[in-house]
Structure formats: C-alpha cells, structure tokens
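Down below is the structure, laid out as structure tokens.
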Amino acid sequence: MSNIILTGDRPTGRLHIGHYVGSLRRRVELQNSGEYDKIYIMIADAQALTDNIENPEKVRQNVIEVALDYLSAGLDPEKSTLFIQSQISELTELTFYYMDLVTVSRLQRNPTVKSEIQLRNFEASIPVGFFTYPISQAADITFCKANVVPVGEDQLPMIEQTKEIVHKFNAVYAPESPVLVEPKALVPEAEACKRLPGTDGKAKMSKSLGNCIYLADSADEVRTKIMSMYTDPLHLQVSDPGHLEGNTVFTYLDAFACDEHFERYCPDYANLDEMKAHYTKGGLGDVKVKKFLNNIMQEELEPIRNRRAAFEKDIPEIYNILKKGSEAAREVAAQTLAEVKHAMRIDYFEDMELIRAQSERYKELFRNNASI
Ligand code: ATP
Ligand code: MG
C-alpha cells in the first residue's frame with residue numbers, strides 16, 4: 001500500500017505557533033523523511049466559507065497568507081502538492097455521495113462540531129454547509145487515498161467520522177475490493193503540542209479567538225506578546241511558589257524548549273525540569289522565564305520570517321505553485337471519483353454490460369409482444 005499524507009488549514013488568518021507545533025512542523029519533517037509516496041497539503045477555503053459567509057473576502061485574502069506560511073515553514077512544492085480545496089470540484093461530488101452514509105444524529109454528536117457551534121453562536125441557526133463539514137472533510141481525506149493525516153487533537157473526531165464513512169462505503173458498495181482507504185490521525189506526542197493554548201491562557205490558540213502568536217509576527221510583536229502572557233495569577237512576588245498548571249508560558253516551554261536552549265540562553269538550569277522545580281518552590285520570577293521563552297521563540301521563528309520575506313517578493317509565483325498543485329490534485333480526485341461511481345454503479349456510459357443487458361431485455365419484450 002502507498003504511504004500518502006493529506007492535511008490542511010482553513011484560510012481564516014495567518015498560521016500561528018499552534019498550527020506549527022500541532023501539525024505544520026511535523027509535516028515538514030515527514031516531507032523531508034522521504035518515507036511518503038505523496039503529500040497533499042490543502043488550503044480549505046470552501047470549508048472556511050461555511051462559517052464565514054458574511055466575510056468571504058477574509059477567506060479570499062488569507063489563501064495567499066497560508067500559502068506563504070507553508071513555504072516559509074519549509075513545505076517544498078517539489079515534494080508536496082499544495083492546492084486549494086475549492087478548485088477540486090470532484091470533492092463536492094464525493095461529499096454529496098458520502099452524505100447518504102451519515103445520519104444527522106451522528107453529526108450532532110461530533111464533539112468538535114458541538115464546541116465550534118457554541119463558539120460561533122450557531123445554536124439557533126446552523127448553516128447546513130457548516131453542519132456537514134465533517135463529511136466534506138472525509139472527501140478531502142479520501143480523494144487521494146491518504147492513510148496518514150497529521151493534525152492537532154481537535155481534529156480526532158473528524159478522522160473518526162472519515163473512518164466510519166470509508167468503512168460504510170466499502171461495505172455497501174465495494175465489499176469485494178475496497179475502493180476507499182481508512183486514514184490514521186497523527187497527533188503530536190507532546191501533550192502541550194496537541195492543543196496549544198492561546199497567549200490569554202484560553203483553551204486553544206485559534207485564529208478566530210485573536211490569542212495567537214503568528215509565524216509572520218515581527219520580532220517585536222513576538223516579544224510584546226510573550227511579555228504580556230498569562231502565567232500564574234497567584235505568583236505575585238518572585239519569592240512566591242508558582243503553579244505550572246494552566247501556566248501558558250510553561251506550556252509553551254513544554255512545546256518548544258530543549259536542553260540546548262538552556263545551555264545557550266539560561267545556563268542556571270540544565271533542563272526544563274530544573275527550571276520548573278525552582279518555579280514551584282518560589283524564587284524564580286515570571287519575567288526571567290518569559291525572556292527565556294522569547295529567546296527560544298525568536299530562534300525558531302527568525303528563519304521562518306526570513307524565508308517569508310523572500311517568498312513575498314514574487315506573489316504571482318506563489319499563485320502559480322497553487323495552480324499547478326490544484327491541477328495535480330484534481331487529476332487524482334477525478335480518478336478516485338471514477339472508481340467511486342463505478343463501485344456505486346452510476347457509471348452508466350462506461351458500463352457496456354448494462355447497456356447490452358438492457359438492450360437484450362427490451363428486444364426480448366419486443367419479441368414476446370410481437371408473438372402475442
Ligand atoms: P479556525 O479558528 O478558523 O478554525 P484554527 O486556528 O482552529 O482556525 P484550523 O485551520 O482549523 O485552525 O486548523 C488547522 C490545523 O492546525 C488542524 O490540524 C488543527 O488541529 C491544528 N491546530 C489549530 N490550532 C491548534 C492549536 N492551538 N494547537 C495544536 N494544533 C492546532
Ligand atoms: Mg479550527
């Protein structure tokens with residue numbers, strides 16, 4: 001079996017460090033590992049429209065931002081196919097057929113959809129497109145027969161939904177030789193990276209909540225955001241014992257710090273455990289910890305920022321990359337759609353046996369009628 005990756009992001013804003021640790025960093029590693037036959041990275045504009053219909057221009061403007069973030073983080077169009085969801089019309093066809101395999105109550109039980117409905121105040125009137133986006137996500141994953149989907153933890157219910165659709169499709173339409181491939185989610189191992197909190201300490205860093213450190217932020221913006229980050233409200237004096245739980249600065253250190261960082265920027269401690277021990281005992285101030293985090297973040301983000309500046313010089317070329325990627329993705333989607341329609345037996349014009357059998361049936365009827 002081929003090893004194929006699909007993943008993507010909604011163009012609702014620039015990408016942030018939550019995307020980076022949750023999925024983007026891993027994608028670049030997987031891309032460069034050489035272990036994958038194909039890697040598809042999708043800018044999910046059609047999905048973003050499902051809850052941004054009052055502001056389609058936001059989605060349109062952010063396609064290029066996400067593409068620039070991809071390239072500056074190290075995704076390489078020579079190795080990965082970067083494409084725009086709305087340009088692959090086969091995806092909507094697949095979605096339509098998959099809808100027959102899912103019940104409304106199953107969608108209502110999806111915990112991610114539930115919490116996103118709440119977040120967007122959609123309780124009273126949910127757009128049908130938004131409500132059914134887990135089904136369209138199944139089309140995104142299956143069109144290229146992806147078996148690996150690197151995502152943050154919030155996406156696990158979506159992958160579960162896709163698995164169910166694949167299972168049902170194969171069972172109903174292709175029991176002898178399965179057409180669709182069941183995907184596996186690849187969630188970061190480190191707890192902190194699964195769902196990175198926002199700088200305000202809120203549950204999840206999210207473009208829609210405005211609590212983000214963006215990959216494209218300037219060095220000054222990053223520093224200002226870090227220095228005003230949420231820590232421990234009970235840690236008023238340096239000498240007070242500090243708490244780690246819900247302390248966003250330490251969560252970010254969990255996601256980014258390694259022992260070499262201590263050597264370079266904070267040699268008082270050998271590693272994060274030692275720093276945490278001092279903090280919880282009392283005697284370590286938030287400012288020192290924040291400055292350390294800032295050094296690490298600047299080191300991580302500077303090369304990304306510099307690459308971005310270079311890519312920003314030739315915007316038409318970025319659209320060209322996306323166009324080529326979309327054309328390549330579309331060819332693959334057309335092939336899968338043909339297989340799906342064949343399995344569903346709605347490929348009438350390719351089915352010579354059907355045409356022959358119907359023709360025989362009518363000839364037979366005609367003969368019988370004639371002989372009466
Ligand atoms: P929106 O608010 O528009 O939904 P978002 O910030 O949640 O935007 P998405 O485009 O929905 O971003 O998510 C893209 C990918 O990044 C998904 O795999 C998701 O799991 C991952 N991701 C998003 N936010 C985080 C986070 N804070 N921590 C870890 N992974 C994240
Ligand atoms: Mg999201």
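Whatever order the structure lists ligands and atoms in, that order sets their numbers, starting from 1. Predicted, not measured: the structure shown is a model, and the values here were computed from it. When reading the values below, keep in mind they use all heavy atoms of this one structure, side chains included, and skip hydrogens, waters and symmetry mates. We number each residue from 1, following the sequence as shown.
Side-chain atoms of Thr112 come within 3.5 Å of backbone atoms of Asp154 as a donor-acceptor pair (strictly under, hydrogens ignored). Formation of a donor-acceptor pair under 3.5 Å by the His243 side chain with backbone atoms of Leu234 is not found in this model.
Those atoms of ligand 1 with a heavy atom of Lys194 less than 4.0 angstrom away are 29 (C). Near Cys193, with a cut-off below 4.0 Å to any heavy atom, the atoms of ligand 1 are 29 (C). Close approach to Thr12 involves these atoms of ligand 1, each under 4.0 Å from a residue heavy atom: 1 (P), 3 (O), 8 (O). Of all the atoms in ligand 1, the ones that sit under 4.0 Å from a non-hydrogen atom of Arg120 are 4 (O). Close approach of ligand 1 to Lys204 is summarised as follows: ligand atoms under 4.0 Å from at least one heavy atom of the residue are 5 (P), 7 (O), 23 (C), 24 (N), 25 (C), 27 (N).
Counting heavy atoms closer than 4.0 Å to ligand 1, residue Glu116 contributes nothing at all. At a heavy-atom distance under 4.0 Å, no atom of Ala44 approaches ligand 1. Within the 4.0 Å heavy-atom criterion, the part of Asp154 lying near ligand 1 is the side chain and not the backbone. Here Arg195 has backbone heavy atoms under 4.0 Å from ligand 1, and that is the only part of it that gets that close. At a 4.0 Å heavy-atom cut-off, ligand 1 does not touch Arg14 at all. Counting heavy atoms closer than 4.0 Å to ligand 1, residue Val151 contributes atoms from both its backbone and its side chain.
For the pair Arg27 and Tyr36, the cation does not sit on the ring face, since its NZ or CZ is not both under 6.0 Å from the ring centre and inside 45° of the axis.
Checked by distance only, ligand 1 and Ser206 come closer than 3.5 Å through their nitrogen or oxygen atoms. The shortest N/O to N/O separation between Gly8 and ligand 1 does not fall below 3.5 Å. Where the criterion is an N or O separation shorter than 3.5 Å, residue side chain and backbone included, Gln155 fails it with respect to ligand 1. The shortest N or O to N or O distance between Arg10 and ligand 1 is under 3.5 Å. Residue Gly22 places no N or O, backbone or side chain, under 3.5 Å from any N or O of ligand 1.
Under the 3.5 Å distance criterion, with hydrogens and angles disregarded, a donor-acceptor pair is assigned to the side chains of Tyr98 and Thr142.
The aromatic ring centroids of Phe143 and Phe83 lie less than 6.0 Å from each other. Taking the six-membered ring for Trp, Phe131 and Phe122 have ring centres at least 6.0 Å apart. In summary, the aromatic rings of Phe256 and Tyr252 are positioned with their centroids too far apart to meet the 6.0 Å limit.
His16 and His19 have parallel rings, their planes meeting at less than 30° on a 0 to 90° scale where 60° marks the start of perpendicular. Taking the six-membered ring where the residue is Trp, Phe169 and Tyr173 present tilted rings, their angle falling between 30° and 60°. A tilted orientation is assigned to the rings of Tyr279 and Phe250, their planes being inclined by 30° to 60°.
Using a 4.0 Å cutoff on heavy atoms, Ala48 does not count as a contact of ligand 1. The closest approach between Arg26 and ligand 1 stays at or above 4.0 Å for every heavy atom of the residue.
The closest non-hydrogen atom to atom 13 (O) of ligand 1, taken over His19, Met158, Gln47, comes from His19. If you check each of Gly210, Gly152, Gly18 against atom 29 (C) of ligand 1, the one with the closest non-hydrogen atom is Gly18.
Classification of Arg109 and Glu160 as a salt-bridged pair fails, no side-chain N sitting under 4.0 Å from a carboxylate O.
Here the CD1 atom belonging to Ile355 is positioned 13.0 Å from the CD atom belonging to Glu360, to the nearest 0.5 angstrom.
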